[in-house]
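Single-structure report; data block below.
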Amino acid sequence: MSSTTPNETDWEDVLLHVVTGKGGTGKTTVAAALALALASRGKTVLLCEVEGRQGIAQLFDVPPLPYEERRVASGPNDGGDVYALAIEPEAALLEYLDMYYRLGRAGKALDRFGVVDFATTIAPGVRDVLLTGKVYEAAYRNKRSKGARRYDAIVLDAPPTGRIAQFLNVNSELAGLAKVGPIRTQADSIMTLLRSPRTAVHLVTVLEDMPVQETADGIAELHAAKLPVGGVVVNLVRSNELDDEARDQAVEDGLPRGLIEEDLRRVGIEPTGTMLDGLLTEAREHAERRDLEDEQRKRINELDVDTYELPRLTDGIDLGGLYELAADLCEQGMA
Amino acid sequence: MSRQRSSSRVGPLAGKPHASPPLDVDALLDDRGTNIIVCCGSGGVGKTTTAAALALRAAERGRKVVVLTIDPARRLAQSMGIEVLDNTPRPVPGVAERAKDVGGTLDAMMLDMKRTFDEVVEGQASPEKAAQILANPFYQALSSSFAGTQEYMAMEKLGQLHKDARKSGRWDLIVVDTPPSRSALDFLDAPERLSSFLDGRFIRILLAPAKGPARLMTAGLSVVTNALTKVLGAQVLRDMQSFIAAFDTLFGGFRARAQKTFELLQADGTAFLVVAAPEPDALREAAYFVERLEEEHMPLAGLVVNRANRVPTGGLSRDQALAAAERLDAEPDADASSPVTAGLLRLHADRTRLVARETHLRQRFAAAHPHVPAAVMPALSTDVHDLDGLRLVGDLLTG
């Protein structure tokens with residue numbers, strides 16, 4: 001354990017962090033950074049993915065994850081650990097059958113007859129119950145399950161924003177299919193966890209029109225489904241190299257070309273006409289983008305949720321970059 | 001699961017990074033032999049915008065075009081007049097005037113997945129049977145949220161539009177956007193997955209009791225049905241059986257349609273455009289796609305790389321810019337220089353670095369897929385949400 005007292009964070013009592021976001025916004029990256037950030041506070045964290053994309057393995061630069069909890073990062077001096085798990089519905093179903101029904105041979109027969117395939121690809125509600133069910137199992141493990149690791153926090157790299165409410169609202173997805181019966185009971189207990197204050201659904205966005213719109217829609221849908229909305233993580237934020245005044249000037253092509261030319265010459269650069277044109281065009285495009293981003297930021301602020309910002313890393317995301325993002329999340333109190 | 005099928009890489013096994021051959025988008029649009037353009041790629045790379053921009057450009061170059069979009073941004077949908085989800089292609093306002101001199105038209109529609117599925121059922125079954133199927137809870141789940149239904153229905157709709165176009169002559173080019181799938185390959189697999197499910201052993205088990213002879217109930221079968229009853233409950237199992245019994249007669253038709261659509265995609269008049277962003281994930285997904293299309297003998301026209309940063313002009317290197325910015329910062333008299341100059345230099349350094357990284361990624365793609373032509377679309381500093389924006393995208397795509 002680290003000797004410093006951990007600061008009070010925004011999601012202190014949350015056990016299950018669900019991370020969603022529109023495609024291309026970097027939700028897997030944010031989920032991984034959040035897992036690292038939580039682990040850096042000395043927690044044992046499980047990072048799960050459910051879409052069969054092996055995104056976690058790629059981020060942590062490890063071989064594809066099996067259906068098994070594998071440690072992918074650990075802190076120094078008995079600090080926290082991050083374990084990762086790729087949940088596959090087929091394996092989850094067989095495990096579920098074995099755990100709750102002790103089906104053994106019958107479970108294998110189900111597989112042989114294509115039932116597992118049926119349940120996991122065709123009946124969509126069943127598929128989602130299995131995926132969230134595994135998360136539930138990891139969350140509520142108790143000492144009786146021998147040798148099983150217990151987690152202080154679970155981070156779920158969930159399906160995209162457009163599907164998140166439906167994915168988590170396993171109850172209503174199943175409602176039409178199974179009004180009673182064991183699978184329904186299972187769905188009910190999962191729902192109790194998902195709707196409790198022990199869960200937070202975080203949404204990842206970038207400062208563009210469509211992702212922000214989807215975030216707003218997603219929040220409305222989560223509220224409607226009575227699922228707890230967490231924070232909004234604004235990812236890939238551009239660095240701010242020009243102040244407001246300079247940005248205004250840049251947009252109106254009013255930057256002091258002569259002064260800039262002198263400055264360049266003084267530090268040993270011989271400015272050409274194309275070089276100056278190029279710099280001023282870059283400045284204008286940057287300023288236009290930033291203006292647009294400010295508009296989107298305003299819309300996000302109106303959503304009335306906690307927000308966090310992560311920078312766009314010029315060199316892309318590698319393991320080092322992931323740690324950097326994790327530190328940013330810690331600083332901003334998300335973990 | 002689709003990923004597992006193409007386990008080995010397809011492409012040259014040695015090659016240095018180099019530029020891709022250029023993709024001539026206008027030639028593709030002008031070629032009257034091109035009847036279908038499918039835009040595919042991972043989520044968030046600008047597929048929908050690319051599809052809409054290509055469709056508009058083709059119309060304004062004299063083609064009779066219909067564009068099928070899946071989930072356009074609200075403002076873009078409004079400007080194309082397709083915010084109503086009614087599964088019917090409608091003329092895009094503001095295009096007729098400009099396109100009429102060259103004989104072009106543009107219709108657009110947004111896919112209503114459930115409606116499309118319902119229509120297929122209604123078209124294949126007797127009215128009573130259709131009503132029975134539409135009311136079954138399993139059908140409702142399958143048609144509204146089965147992972148793959150959207151992909152399947154997009155292809156189904158494409159087949160319908162193609163048939164319409166043939167018959168009425170209303171369109172000579174169909175541009176299709178594909179759903180933002182988990183995997184970009186899902187829409188190729190969806191028809192087969194659905195039909196292999198409908199053919200599956202499990203279905204026949206479920207149908208067996210309904211069809212009678214008890215001798216089919218072997219020991220293995222009773223183990224299965226008992227287990228199912230235990231897990232799902234008897235009611236669910238009954239619903240499932242009645243759904244499958246009702247659907248049984250439609251299976252053949254579904255399979256035949258899926259097969260036809262697949263053949264349509266393989267035909268010469270079809271052109272696939274793989275859309276990506278210059279990011280490792282998107283290009284990796286694009287590479288999977290390219291390889292898969294080749295494996296299935298699907299006609300690949302090329303790669304569109306969206307959102308590329310523009311190459312800076314003026315010949316100032318990243319190191320020079322950063323060094324100069326540092327020197328300006330270190331000047332003792334802060335008022336001596338304009339505060340923006342150092343900022344400009346840092347912006348330039350950043351841009352130069354990004355461009356270098358993106359170029360490297362694209363060249364690596366080209367080394368692995370040397371015969372795939374590519375068009376690079378510079379990032380816009382504003383959002384695209386009207387026809388003028390789409391026209392600009394079209395201009396940029398074609399050079």
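Reminder, nothing fancy here: chain letters follow the sequence lines and each chain counts from 1.
- The contact between A:L279 and chain B is made by backbone and side chain atoms together, counting heavy-atom distances below 4.5 Å.
- A:Q58 touches chain B through its side chain: at least one heavy atom from C-beta onward sits under 4.5 Å away, while N, CA, C and O do not.
- Separating the CG atom in B:L316 from the CG atom in A:L264 is a distance of 7.5 Å, to the nearest 0.5 Å.
- Of all non-hydrogen atoms in A:G278 and B:T313, the two that sit nearest each other are CA-OG1, 3.4 Å.
- Heavy atoms of A:L292 lying under 4.5 Å from chain B belong exclusively to its side chain.
- Contacts of B:R357 with chain A are made by side-chain atoms alone, with heavy-atom separations under 4.5 Å and no backbone atom involved.
- A 4.5 Å side-chain heavy-atom check between B:L344 and A:L242 finds at least one atom pair inside the cut-off.
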- Task: Any chance you could lay out the side-chain contact (heavy atoms from CB on, under 4.5 Å) test for B:E331 and A:R266, step after step, and finish with the verdict?
- Result: CA-CA 10 Å; B:E331 283 186 343; A:R266 210 172 50 252; 2.8 Å; yes
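- The CE atom of A:M275 sits 7.0 Å away from atom CD of B:Q320, with the distance rounded to the nearest 0.5 Å.
- Ranked by heavy-atom pairs under 4.5 Å with chain A, the list B:R353, B:E279, B:H385 is led by B:R353.
- Looking only at side-chain heavy atoms (C-beta outward), A:H286 and B:R351 stay at 4.5 Å or farther from each other.
- Nearest heavy atoms, B:A324 versus A:V267: CB-CG2, 3.8 Å.
- Considering every non-hydrogen atom in both B:D350 and A:S239, the closest pair reads OD2-OG, 4.3 Å.
- B:T48 contributes atom OG1, which lies 6.0 Å from atom CE of A:M210 (distance to the nearest 0.5 angstrom).
- Remark: A:E282 does not engage B:R310 in a salt bridge, criterion side-chain N to carboxylate O under 4.0 Å.
- In this structure, A:R289 contributes its side chain and B:L380 its backbone to a donor-acceptor pair below 3.5 Å.
- Using a 4.5 Å cut-off between heavy atoms, B:D281 touches chain A through its side chain atoms alone.
- Classification of A:R53 and B:E285 as a salt-bridged pair fails, no side-chain N sitting under 4.0 Å from a carboxylate O.
- Residues B:G314 and A:T272 come closest through the heavy atom pair O-OG1, 4.5 Å.
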